[in-house]
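Only a predicted model underlies this, so the values are computations on that prediction, with no experimental measurement involved.
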Amino acid sequence: MKFNVGVFFGGKSCEHEISCITASQVLKAIDRNTFNAIPVYISKNNEFYIGDQLEDINNYKDLNKLISNCQKVDLIKSNNKVLLVQSKRGIFNKKQIVLDVALIAAHGVGVEDGSLQGIFEFYDLPYTSSKVLPSAIGQDKVIQKIIWNHLNIPTVPGYSLDYYDFIRNYIDYKEKNLSLGYPLILKPSNLGSSIGIQIVNDESEFEEKVIEAAKYDYKILVEKFIKNFKELNCSVNGYSDEIEASVIEEVNKEEKEILDFDAKYLSGNKNSKIDNLKNSGMASVNRKIPAEIDEELSELIKKYSIDAYRFIDASGVVRIDYIYDLDSKKIYLNEMNNIPGSLAFYLWKENGIEFDKLITIMIENAIEAHRLKSLKTSTFETNILANYKERGGK
């Protein structure tokens with residue numbers, strides 16, 4: 001008997017389109033002999049759609065047309081089963097799909113950050129990512145920085161800037177900036193895919209760049225910008241005591257100061273359609289696997305990655321990004337990505353895990369985690385309401 005796997009992606013997020021690429025890669029790779037894969041597209045209005053049209057990435061060039069050729073559905077629970085049901089004028093019709101597990105291929109605020117996870121927790125549906133709290137942590141760069149510092153994992157010197165406080169009390173941040181030294185890098189705390197990131201070269205640019213970054217998030221991470229560095233990434237996957245770190249990759253910035261949105265997602269597709277999905281999205285980035293670093297640094301990164309993953313109680317596949325300062329020879333944990341682009345499948349080949357196997361492991365771990373959770377007591381039987389009498393009033 002095959003498991004029905006709902007592949008959820010899209011949503012009201014700045015990373016909507018990147019999510020569609022990740023989902024398409026998953027749908028191409030998933031073992032169809034073991035799983036019935038049901039793509040569930042979440043529109044930019046946060047409505048659920050299903051349909052055969054969702055299987056072809058080329059259909060996403062016109063989202064309005066795509067939606068018009070799909071069926072709008074609702075997620076409900078009935079007779080202890082989670083269902084996708086088509087609705088018309090609020091009345092559920094007979095066509096329905098039972099879901100056994102949700103595979104989350106969504107990125108960004110409103111989906112990846114615990115929002116979707118909370119829905120699946122509410123419906124008691126197994127899902128392939130971290131739970132609500134670690135998912136929220138994985139989206140918030142400022143909170144992450146506090147946690148990594150608590151674990152004695154080094155991070156780039158910096159501070160958190162509240163935009164509304166900034167416009168009331170500028171001098172405080174001016175002194176902090178002088179202490180860090182220019183140039184600085186500004187990061188919207190809850191964004192991904194390098195969206196909204198600003199480089200500040202001197203004090204005269206700071207206010208303008210803060211305003212630009214604040215278009216995406218009122219909370220901004222301000223850090224010392226390290227010019228001469230390597231970007232090194234490591235993926236982690238596992239459950240309970242069986243947690244494994246992938247090989248380390250070195251990302252080629254292509255002569256840019258940072259690996260921005262274009263370099264991440266467009267550089268590999270400028271002259272071709274997104275037909276070869278394995279070479280799209282984050283998989284298209286120019287990288288060295290394994291990274292050209294010594295064994296001691298590689299093992300340290302893997303240790304930091306597993307420690308961070310375990311401490312926040314993460315699950316599913318994550319990617320943890322590092323900055324290696326080539327001048328000081330120091331390694332800094334930059335950020336954790338709770339649901340990385342392309343699910344970081346390209347980092348697991350060196351471990352002997354192909355993309356289809358990685359997906360299977362994620363699904364099996366989600367089901368096992370849900371089974372163990374179901375063994376815990378979740379209700380408390382009491383007859384307090386039988387003898388309850390409302391007091392007060394007339």
Side-chain angles (χ1 to χ4, degrees), residues 1-10 19-42 48-60 66 69-71 73 75 80-86 95-106 116 120 123-129 235-240 242 244 246 274-283 315-318 339-374:
M1 176 179 162
K2 295 183 180 180
F3 284 100
N4 284 347
V5 180
V7 180
F8 288 79
F9 62 100
S19 171
C20 294
I21 294 174
T22 295
S24 293
Q25 292 170 326
V26 169
L27 291 166
K28 291 281 186 182
I30 193 169
D31 182 359
R32 302 277 180 157
N33 293 320
T34 306
F35 307 110
N36 288 321
I38 301 120
V40 184
Y41 172 68
I42 310 170
F48 294 156
Y49 290 87
I50 60 172
D52 294 338
Q53 296 285 325
L54 298 172
E55 295 272 0
D56 187 351
I57 189 64
N58 291 300
N59 293 330
Y60 291 80
L66 174 65
N69 289 319
C70 294
Q71 298 81 46
V73 294
L75 194 67
N80 210 31
K81 294 180 180 179
V82 180
L83 309 172
L84 287 171
V85 295
Q86 294 184 40
K95 186 172 182 180
Q96 52 190 228
I97 299 171
V98 177
L99 291 183
D100 297 306
V101 62
L103 190 155
I104 305 178
L116 265 182
F120 299 141
Y123 284 109
D124 199 26
L125 179 68
Y127 57 92
T128 60
S129 85
S235 182
V236 184
N237 184 32
Y239 178 71
S240 187
E242 298 181 2
E244 184 178 6
S246 74
I274 311 178
D275 291 325
N276 184 0
L277 288 173
K278 280 203 170 184
N279 295 320
S280 302
M282 277 302 294
S315 50
V317 172
V318 309
I339 303 176
S342 303
L343 298 186
F345 73 84
Y346 45 85
L347 289 176
W348 290 97
K349 289 185 178 181
E350 293 285 328
N351 296 52
I353 302 174
E354 294 293 335
F355 198 7
D356 59 339
K357 184 179 178 182
L358 181 65
I359 293 169
T360 297
I361 291 171
M362 292 173 64
I363 293 171
E364 289 176 346
N365 285 347
I367 293 171
E368 176 63 9
H370 184 266
R371 184 189 70 81
L372 293 177
K373 176 189 171 186
S374 68

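Side chains of Phe3 and Ile367 form a contact here, defined as non-hydrogen atoms less than 4.5 Å apart. Residues Gln71 and Tyr49 have side chains not in contact (no heavy-atom distance under 4.5 Å, counting atoms from C-beta outward). Side chains of Leu103 and Ile363 form a contact here, defined as non-hydrogen atoms less than 4.5 Å apart. A 4.5 Å side-chain heavy-atom check between Val26 and Leu343 finds at least one atom pair inside the cut-off. At least one side-chain heavy atom of Leu84 sits less than 4.5 Å from a side-chain heavy atom of Val40. In this structure, His370 and Val101 have side chains that are not in contact, with every pair of non-hydrogen atoms separated by 4.5 Å or more. In this structure, the side chains of Leu54 and Cys70 come closer than 4.5 Å at one or more pairs of heavy atoms. The closest side-chain heavy-atom distance from Glu244 to Ile353 is below 4.5 Å.
Residues satisfying the side-chain hydrogen bond (donor to acceptor under 3.5 Å, both in side chains) criterion with Ser315, sequence neighbours excluded, are absent altogether. Not counting sequence neighbours, the partners of Phe9 by the ring pair (Phe, Tyr, Trp, His ring centres under 6.0 Å) test are Tyr41.
Between Glu354 and Lys357, none of the side-chain N atoms (NZ, or NE/NH1/NH2) sits under 4.0 Å from a carboxylate O, so this pair counts as no salt bridge. The pair Glu55-Arg32 counts as a salt bridge, with a side-chain nitrogen and a carboxylate oxygen less than 4.0 angstrom apart.
Scanning all heavy atoms of the two residues, the minimum distance from Ser342 to Phe355 falls at O-CZ, 4.0 Å. Summarising the geometry of Ser235 relative to Val317, their closest heavy-atom pair is OG-CG1, 3.5 Å, with the distance given to 0.1 Å. Across all their heavy atoms, Gly10 and Ala106 have their closest contact at O-CB, 4.2 Å. Taking both residues in full, the closest heavy atoms of Ser129 and Ile339 are given as CB-CD1, 4.0 Å, listed atom of the first, atom of the second, then distance.
Taking CG of Asn80 as the reference point, atom CG of Asp124 lies at 7.5 Å (rounded to 0.5 Å). Put simply, CG on Asn351 and OG on Ser246 are 6.0 Å apart, with the number rounded to the nearest 0.5 Å. To the nearest 0.5 Å, atom CD1 of residue Ile30 and atom CG of residue Asp356 are 9.5 Å apart. One finds the CG atom of Asp100 at 13.0 Å from the NZ atom of Lys2 (value rounded to the nearest 0.5 Å). For the atom pair Phe345 CZ and Thr22 OG1, the distance stands at 9.5 Å (nearest 0.5 Å).
A donor-acceptor pair under 3.5 Å links the side-chain atoms of Asn59 to the main chain of Gln53, judged by distance alone. Counting only distance, with no hydrogens or angles, the side chain of Thr128 and the backbone of Ile104 share a donor-acceptor pair below 3.5 Å. Remark: side-chain polar atoms of Thr34 are not paired, donor with acceptor, to backbone N or O of Asp31 under 3.5 angstrom. Ser19 places a side-chain N or O within 3.5 Å of a backbone atom of Ala105 that can act as its donor or acceptor partner.
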May I have the step-by-step check of side chain to side chain contact (heavy atoms under 4.5 Å, CB included) for Gln25 and Lys28, ending in yes or no?
CA-CA 5 Å; Gln25 292 170 326; Lys28 291 281 186 182; 5.8 Å; no
Evaluate Leu75 against Leu83 for side chain to side chain contact (heavy atoms under 4.5 Å, CB included), listing each step before the verdict.
CA-CA 6 Å; Leu75 194 67; Leu83 309 172; over 6 Å; no
Audit row: Phe8, Phe120, ring pair (Phe, Tyr, Trp, His ring centres under 6.0 Å) steps and yes/no
CA-CA 11 Å; Phe8 288 79; Phe120 299 141; 4.9 Å; yes
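Within 6.0 Å of atom NZ in Lys81, 12 or fewer heavy atoms from other residues, nucleotides or ligands are found, so the atom counts as exposed in its surroundings.
Side-chain atoms of Asn36 and Asn4 form a donor-acceptor pair, as typed in the model, at a separation below 3.5 Å.
The residue from Leu99, Val7, Leu27 that alone fulfils the side-chain contact (heavy atoms from CB on, under 4.5 Å) condition with Ile38 is Leu99.
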